[in-house]
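These notes concern the structure reproduced below.
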Amino acid sequence: MPLSTQSQGDDEQYVLVASLDNARNLSNILKAITFKDHAIFTATTNGLKVTVEDSKCLLSTFGNAGNAHYDYSKDSDMMELFKCTETQTNRYKMSLLKPSTKALALSCKVSVRTDNRGFLSLQYLVRNDDGQICFVEYYCCPDEEVEEN
């Protein structure tokens, strides 16, 4: 998606002028992050960045919804790069992870990262019909551990 922040001819009244060769590409990416009514659009030199937030505060809860545990060997064919400096265990609400499955269906590669606070980053590489590469990123706060007295 070519972006222009310089005025050209009739466009002098606009701060930003953008054009798309294929609107379906943008539509598919936006469908992957459509889980809230409001979004923040930011024009950068690299393209358009769309941010959707579900919550700005920390995600405590109790329940019997179950859990999931996955083990992948660092030598697995599924693993392109593995870097871990310490063992870490975190919990995340499924309701916060569920919207990311839309982007997973469109992606051809996924990067999974956590930081030392347990914040989860899921970065999906999406290749559009015309071969253009886009990224969809999800960030998720871990559930707070509540100490029992």
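Numbering starts at 1 and runs along the sequence shown.
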> Taking atom CE of Met94 and atom SG of Cys140, what is their separation to the nearest 0.5 Å?
Replying inline: 10.0 Å

>> Please find the pair of heavy atoms, one from Arg24 and one from Asp129, that lie closest to each other, and give the distance.
In response: NH1-OD2, 2.8 Å

> CG/Leu125 to OG/Ser107 distance, rounded to the nearest 0.5 angstrom?
Replying inline: 8.0 Å

> So, does Asn128 use its side chain to make a donor-acceptor pair with the main chain of Asp130 at under 3.5 Å?
Replying inline: no

> Leu120 and Leu97: side-chain contact (heavy atoms from CB on, under 4.5 Å), yes or no, with the steps?
Replying inline: CA-CA 10 Å; Leu120 178 67; Leu97 293 174; 3.7 Å; yes

> What is the distance from atom OG of Ser111 to atom OH of Tyr124, rounded to the nearest 0.5 Å?
Replying inline: 10.5 Å

> In Å, rounded to the nearest 0.5 Å, how long is the span from OH of Tyr138 to NZ of Lys98?
Replying inline: 12.5 Å

>> Would you compute the distance between atom SG of Cys84 and atom CZ of Phe82 and round it to the nearest 0.5 angstrom?
In response: 5.0 Å

> Should the heavy atoms of other residues, nucleotides or ligands under 6.0 Å from CZ of Arg113 be counted, would the total exceed 12?
Replying inline: yes

> Do you reckon Leu96 sits in the same ILVMFWY cluster as Tyr139, going by side-chain contacts under 4.5 Å, direct or chained?
Replying inline: no

> Going through the distances and angles, do Phe119 and Thr114 end up as a side-chain contact (heavy atoms from CB on, under 4.5 Å)?
Replying inline: CA-CA 5 Å; Phe119 280 75; Thr114 60; over 6 Å; no

> Side chains of Leu122 and Leu104: does their closest heavy-atom pair fall under 4.5 Å?
Replying inline: no

> Should Tyr92 and Pro142 count as side-chain neighbours, where that means a heavy-atom distance under 4.5 Å?
Replying inline: yes

>> Please determine whether residues Ile133 and Leu30 belong to a single hydrophobic cluster, defined as Ile, Leu, Val, Met, Phe, Trp and Tyr linked transitively by side-chain heavy-atom distances below 4.5 Å.
In response: no

